[in-house]
Amino acid sequence: MKTLFSKYTFLLILAATAFSCSDNEVPFDPTVDLIKIDEGFAIGAATKVEVWASQDLMAGYNNIFIALYDSVGGSRITKAKIDFYPEMSMMGGVQHGCPVEEPAEEAVNQLFPGAITFTMPSGDMGSWKLKIEVQNQVNNKKGSTTFSISIANPTAACVKSFVTAANEKIFVTYNFPKKMKVGINDLDVIVYRMINMYEFAYEENYSFVLTPEMPSMGHGSPNNVNPTHASKGHYKGKVNFTMTGDWRLNLNISEGEAVVKDLYFDVEVE
Amino acid sequence: MRLICSLLVFVVVGVRAQSVDTLRTLYLSEVVVNSTIQEGDTLQNFFRANKSATTEDILSRLQGVYLIRRGNYGQEPMLRGMTGGQINLTIDGMKMFGACTDKMDPVSIYIEPQNLKSIQAVLGSDGSRLGTTVGGSVDMQLAQPFLSSQPVTGRVGVGYQSAWNGFNTYANVNYSQHKSAYNLSLNYRKADDYRAGGGEVIPYSQYEKMNLSAGGKWSMGKDTLLASALVDDGWNIGFPALPMDVGSAKARIYSLGYNRYRAHETVQNLNAKIYYNSVFHSMDDTQRENVEMHMDMPGTSTTGGGFVEGNFHPAGKHTLSFRTDYYHNQVLAEMTMYPEGASSMYMQTWPASGRSVTGIYLNDVYKINRSTQVTVNGRIDWAVTTLQEGFGMDQLQVFYPNVQSAYQQITSTVNGKVKQLIRSNWIAEVHVGYGERLPTLSENFGFYLFNRYDGFDYIGQPDLVPEKNWSTDLTLSYFSDQVQLTATGFYNYLPDYIFSRIHPELSVMTPGANGVKIYENIPSATLVGGEASVLANFSKNLQFITALKYTHGQDFEGTPLPLIPPLTSNTTLRYSIKNFNIQLENEIASSQQNVSPSYGEDETVGYSIFNLRSGYKINWNRKQLYVNAGIENMFDKNYHNHLDWGNLPRPGRNINVTIEFVF
Ligand SMILES: [Cu+2]
Ligand SMILES: [Cu+2]
């Protein structure tokens with residue numbers, strides 16, 4: 001704790017010094033907490049595309065941030081329509097996509113935030129490619145670029161799937177808008193219904209009972225808020241952690257009166 | 001030199017003046033150790049005869065004082081059924097708070113009898129000189145260096161206790177110059193697991209500790225400067241009644257004092273001090289077998305403050321004394337658990353939090369005539385309690401989303417006493433008082449504090465209001481040359497009593513715990529009881545003292561409160577001749593049937609034990625050699641008191657020998 005604290009203090013002081021020395025001339029860097037996954041040129045749109053994420057891409061819900069630049073002048077582009085086309089080529093020859101959330105056409109803090117829920121890791125099973133199509137609203141040109149991406153397999157599954165009684169395949173994943181901490185945390189549970197190999201719909205009619213627990217101790221936490229549907233398959237709730245360590249988020253899913261599925265996600269709170 | 005002596009006498013008198021009461025209080029509530037005060041000779045001699053006594057042994061003999069035991073170490077003082085935040089436990093008027101979430105370290109453990117000049121206990125709200133209170137105060141006054149015509153004086157001793165194969169070694173040196181004096185004392189104790197009555201060895205009851213203190217005193221005419229430092233290190237301390245032991249307990253106490261005496265000025269006597277103390281306490285269960293999951297629980301508590309106190313020149317029939325003080329206490333207790341094959345788990349059982357208290361106290365003694373004296377005193381405290389933002393606050397938000405980073409509270413105490421001499425031998429004293437006390441930081445912000453007694457995890461409650469006490473005491477005393485009798489009855493009505501309630505909807509944190517309790521103010525509780533004592537001088541050589549104490553406690557629904565001591569009596573018969581003394585002691589505790597099952601209590605049977613102590617003094621070349629020998633629990637009785645956690649039996653027959661050389 002202490003080392004962490006002092007480290008942050010140090011960074012803060014460093015940051016403060018940096019600001020104070022520069023007469024406020026330092027340009028705002030929107031990617032400061034992000035890591036760059038890859039970059040390429042969407043040829044037809046004369047646009048350079050940078051792919052950023054809050055962490056290495058992994059099987060599960062990934063917050064993706066796209067930065068666009070004019071490939072000639074280098075200036076940032078803050079108006080564009082961006083489409084994600086992720087695709088996995090499996091060893092057996094099968095190919096499929098995964099659920100995506102496309103960014104809005106207006107950049108937020110100079111970036112286009114979106115999300116992709118990779119349903120499998122890459123590796124022996126197959127490999128992922130991400131095609132990004134850009135409709136540059138400045139020059140009104142359209143083009144695309146494709147990245148080979150590697151999708152890590154997290155220690156605990158971040159996306160789970162099951163088949164309903166109606167024989168529909170459902171993907172459930174989660175996202176913490178802020179880094180998990182001890183205390184009260186906002187939690188998004190996101191649910192997609194698979195339509196075909198490349199199309200996924202938001203599942204909006206589920207209800208959840210959320211019960212966090214520490215499996216190694218057998219205890220839970222009080223005053224959690226069950227996720228309820230907000231928009232686009234995102235169910236918003238609150239989860240409370242009373243200590244650091246390994247927690248399990250138990251989710252009982254139902255639709256109306258009918259029980260749909262019980263599943264859980266294991267998370268580590270630092 | 002003469003001046004210094006009169007000053008010394010004054011200091012002693014000053015201490016007595018602050019206690020306001022006369023003879024009675026002195027020998028029943030104040031024990032003077034290593035001093036020349038004549039009053040209270042019997043008790044004083046009792047402890048003189050038992051040089052291996054710990055501070056706790058001494059405390060347990062005070063009227064209205066009880067001890068909660070969790071093992072052979074770190075017993076917690078209790079005044080008439082009140083303990084913890086309900087009482088002020090101070091060292092030389094300095095506030096100091098333990099760093100253990102399980103109350104293993106009441107600050108009395110950091111004081112060795114070698115460092116101790118006297119203990120002063122004032123019961124009930126009347127003890128508010130050191131802070132507004134409901135239960136009273138215990139102040140341990142430390143021995144100061146003294147000016148003497150002999151440059152070097154001191155004592156060296158070694159003691160042995162058979163029941164725990166315990167050794168106690170101490171040395172104490174006073175070095176005096178013309179206008180300055182210095183002292184240094186060192187004490188080392190080591191104890192193995194103790195043997196209970198009947199032979200059973202109680203595992204995890206060992207301990208080892210070292211105590212070092214040094215002081216300086218500089219006299220400048222009527223002014224005196226004092227500096228002192230105390231270092232107490234304990235390690236490998238077992239707590240058999242708890243699931244964890246103490247790997248390391250460290251206390252540091254530093255103070256700078258100033259004393260001023262002007263007999264004819266408005267402020268006659270002025271005493272000022274600034275101080276700083278810190279406690280580090282680290283619990284772990286690495287020594288225990290069959291532990292499901294190992295954990296570390298370090299805690300720290302630091303306190304800094306200062307006070308100015310004194311008394312005014314008597315004006316007419318009034319004598320006014322005052323005290324104003326400030327302290328800040330800061331605590332943090334952490335817990336890290338190490339499950340097998342999973343990431344470690346961390347939480348703050350006492351979130352980083354603190355409290356600053358500023359207070360003022362006034363006491364007026366009004367001597368109406370030779371036989372009637374009225375005392376009125378009052379105190380007001382302004383407290384700011386802070387919860388540091390960050391981890392601990394985030395934690396508490398799980399229970400209290402609106403928990404704040406600062407809380408302000410004002411508490412006060414008012415007391416009135418009338419003391420009436422009836423005929424020439426009887427004194428009646430009536431006390432009526434109102435007191436308030438702050439919730440402790442543990443009661444405010446504690447986070448899953450496991451209580452081994454009831455097996456519940458405890459959660460604090462930031463919105464607790466101060467606990468109150470409306471109390472009255474009536475004391476009757478009779479004095480003659482041969483006999484002294486005292487009987488006191490007390491009644492305490494405590495609105496907003498701080499207690500706890502089970503919350504079945506909450507899941508426990510500690511594996512195997514019975515449930516979760518949250519502190520709350522209950523409508524009220526009542527504590528009634530009394531003390532009585534008889535002191536008789538049968539002859540110049542034969543003395544007899546017996547003391548009885550009783551407390552009954554219940555909540556507003558008539559349910560017994562937990563940890564209420566049973567009826568207890570202590571009797572001593574002492575024979576002394578020339579350089580030899582011997583005393584037989586008997587301690588009786590009744591059974592306790594008024595128990596709190598929801599606190600995990602069961603009924604406790606009574607007991608009666610006998611101790612024998614003796615001392616022999618050899619004069620040798622103007623120096624003395626003291627040899628003390630005794631047998632505690634002579635008949636090796638297997639017993640425990642109702643206040644002993646976990647029904648843990650107390651030590652069995654204990655043969656002890658102490659040899660002390662005084663130079
Ligand atoms: Cu836990
Ligand atoms: Cu402890």
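In what follows, every chain begins at residue 1, and chains take the letters A, B, ... in the order their sequences are listed.
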Over-ring placement of B:R288 relative to B:Y204, 6.0 Å and 45° cut-offs: yes
Output, in order, the C-alpha distance, side-chain angles, deciding distance and verdict of side-chain hydrogen bond (donor to acceptor under 3.5 Å, both in side chains) for A:S254 and A:S207. CA-CA 5 Å; A:S254 52; A:S207 54; 3.2 Å; yes
From CA spacing to verdict: side-chain hydrogen bond (donor to acceptor under 3.5 Å, both in side chains), B:Q395, B:Y448: CA-CA 11 Å; B:Q395 250 184 199; B:Y448 290 104; over 6 Å; no
Which heavy atom of B:Y346 sits nearest a heavy atom of A:T244, and at what distance? N-OG1, 2.7 Å
Taking the side chain as every heavy atom from C-beta outward, state whether A:W247 and A:T242 have any atom pair closer than 4.5 Å. yes
Chain A-proximal positions within residues 293-302 of chain B [heavy-atom distance under 4.5 Å]: B:M293
Between chain A and each of B:T336, B:L396, B:V508, B:L506, count heavy-atom pairs under 4.5 Å; write down the option with the most. B:V508
In terms of heavy-atom proximity below 4.5 Å to chain A, should B:F447 be classed as side chain, backbone, both, or neither? side chain
Is the terminal nitrogen or CZ of B:K517 (NZ for Lys, CZ for Arg) located under 6.0 angstrom from the six-membered ring centre of B:F456 and within 45° of that ring's axis? yes
Test the A:K160-A:Y264 pair against the cation-pi criterion, namely NZ or CZ under 6.0 angstrom from the six-membered ring centroid and within 45° of the ring axis. yes
